Amino acid sequence: MTGTATRVPRGLDAGAGVAVRIRHSEGGGAHGYFEVTHDVSGFTRASVFQPGVRVPTLVRFSSTLGFHSSPDVWRDIRGFAVKFFTEAGEYDLVGKNSPIFFLNDDRAFSHLVVAQKLYPADGRRARFDLDRLWKFWLQHPESAHQVTWLLGDRGIPRSWRHQDGFGTHTFRWENADGEAFWVKCHFRSEQGTAHLTAEDIAELDVAEATYYRGDLRAAIDRGDHPAWRLHVQVMWEADAAAHRFNPFDITKLWPTSDVPPVPVGRLVLDSNPRDEVAEIEQAAFAPGRFVPGVGPSPDRLLHARMVGYPTFHRHRVTTPNAPAPMTDPAPEFDELALSEAARPHRDDDDFVQAGTLVRTVLDDPARQRLAVTAAQHIRPLVDPDLRLQVLDYWRRVDGTLSNQIAALA
Ligand code: HEM
């Protein structure tokens, strides 16, 4: 394979000659530690979560939509990947800054990527094809919760420090007596959560491609070490069947009124990488890398991820001159068990939690900003039928919001 600019395979950085990520291409991170502050040994025997334990960690934050060196402030869902170096080996919690996801079936994932990922073949900035994006979201109404989240303030955090992190999937914890629990992990920012305005973004987009990365580095350099409190929501294994929402459906969260969060520990980032490429970009986070006492739930998206990532790691870290794999290998697991676990529960509905987000979590100004952004998404649509369908999608989220959007679009 020659290394000329015109024949550089996808996934290689022509200048540096190192492999860059195809997914979650733009990112940055830091080293730190995780320390246990509360006793959760009744729920897990994992050594990393035992009282008094403190382990080194590595965190990589990333954008999902853009490409390598695209501005990191673009509206997006952000990766929040945590690696715990435990005495039982590495444990990776490869999550996001969102507690939910667009899809709950991995078989549609490639279509999601095609619908919203920007692949600039010529290295120039690509533009979203909003018609294509909305056709996908309309075909997958289970996306409504994540789309509402994304077009609201949470889609443009003030910095990586001012966002929460989530394991997003449901995981299985097991204690020393062999009792099992379903668990959701949430990292709550001690800096608080805050967002940028559309005006901030317009300025930063042009001025500073690595704004978040710079902010993180500067904060750590001045000794202002960002920290997050890890909480878990814990459900007895036997209670899952009766829960009003399917607890393995990643398009839904577990209402804290049903399952209150339990504090576990504190994640602190206190050291910048000396070599960004070697320490952060060459890091490999694998959703299937667990330690005893922690394991997967029957969430089929998680199982697909457990199988898929190592292929990309081999391409990126081990054999950077091989052509990049563009599809994920078929997952190997018990299809029947995963299908059984995916059945809807009593209150499951594609729009119900998106509506709750709009009506009970957002305040009036946040709802207004969401309406403005949603209207900006509708105006450029070329297909007039699509405009009506998008407004109907919003009506199913919330009638008042949909009227606001229609008035602005
Ligand atoms: C079926 C659905 C999904 C598939 C097939 C998939 C696939 C991938 C692949 C292949 C990578 C690149 C790995 C690498 O180069 O190291 C990646 C990166 C990543 N994915 Fe996913 N993904 C899926 C859904 C998700 C979900 C639901 C989350 C979060 C809950 C997530 C979080 C991440 C993160 C944080 C990274 C970047 C990790 C890093 O910084 O190295 N992905 N994904």
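Order of appearance sets the numbers: ligands from 1, and atoms from 1 within every ligand. Nothing here was measured: the structure is a model prediction, and the numbers come from that model. All values below come from the heavy atoms of this structure, side chains included, with hydrogens, waters and symmetry mates left out.
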Passes side chain to side chain contact (heavy atoms under 4.5 Å, CB included), Q191 versus W228? Steps please. CA-CA 8 Å; Q191 296 68 241; W228 288 261; 4.1 Å; yes
Please confirm whether D106 comes within less than 3.5 Å of ligand 1 when only nitrogen or oxygen atoms on both sides are compared. no
Who's closest to atom 8 (C) of ligand 1 heavy-atom-wise, of Y309, F285, F166? Y309
Aromatic ring pairing F34/F49, orientation class (parallel under 30°, perpendicular over 60°, tilted between): perpendicular
Working for salt bridge (charged side-chain N to carboxylate O under 4.0 Å, His left out), residues E26 and R78: CA-CA 10 Å; E26 184 51 48; R78 289 177 166 85; over 6 Å; no
Heavy-atom donor-acceptor pair, Y393 side chain to A144 backbone, under 3.5 Å: yes
Hey, is E179 close enough to R45 for a salt bridge, meaning N to O under 4.0 Å? no
Counting from 1, what ligand 1 atoms have a heavy atom of G79 closer than 4.0 Å? 35 (C)
From atom 24 (C) of ligand 1, work out which of R305, M306, K83 has a heavy atom at the shortest distance. R305
Geometry only, no angles: is T168 polar-contacting ligand 1 at N/O separations under 3.5 Å? no
Separation between CG of D398 and CG of L362, rounded to the nearest 0.5 Å: 10.0 Å
If you measure from atom 9 (C) of ligand 1 to every heavy atom of R23, R314, R21, which option wins on shortest distance? R23
So is K83 actually on top of Y91's ring, under 6.0 Å and inside 45° of the axis? no
Proximal atoms of ligand 1 relative to F312 (non-hydrogen, under 4.0 Å): 10 (C), 15 (O)
Structural part of V94 in contact with ligand 1, heavy atom criterion under 4.0 angstrom: both
Going by heavy atoms, is A284 under 4.0 Å from ligand 1? no
Number the atoms of ligand 1 from 1 as they appear, then name those within less than 4.0 Å of a heavy atom of H313, with their elements. 14 (C), 16 (O)
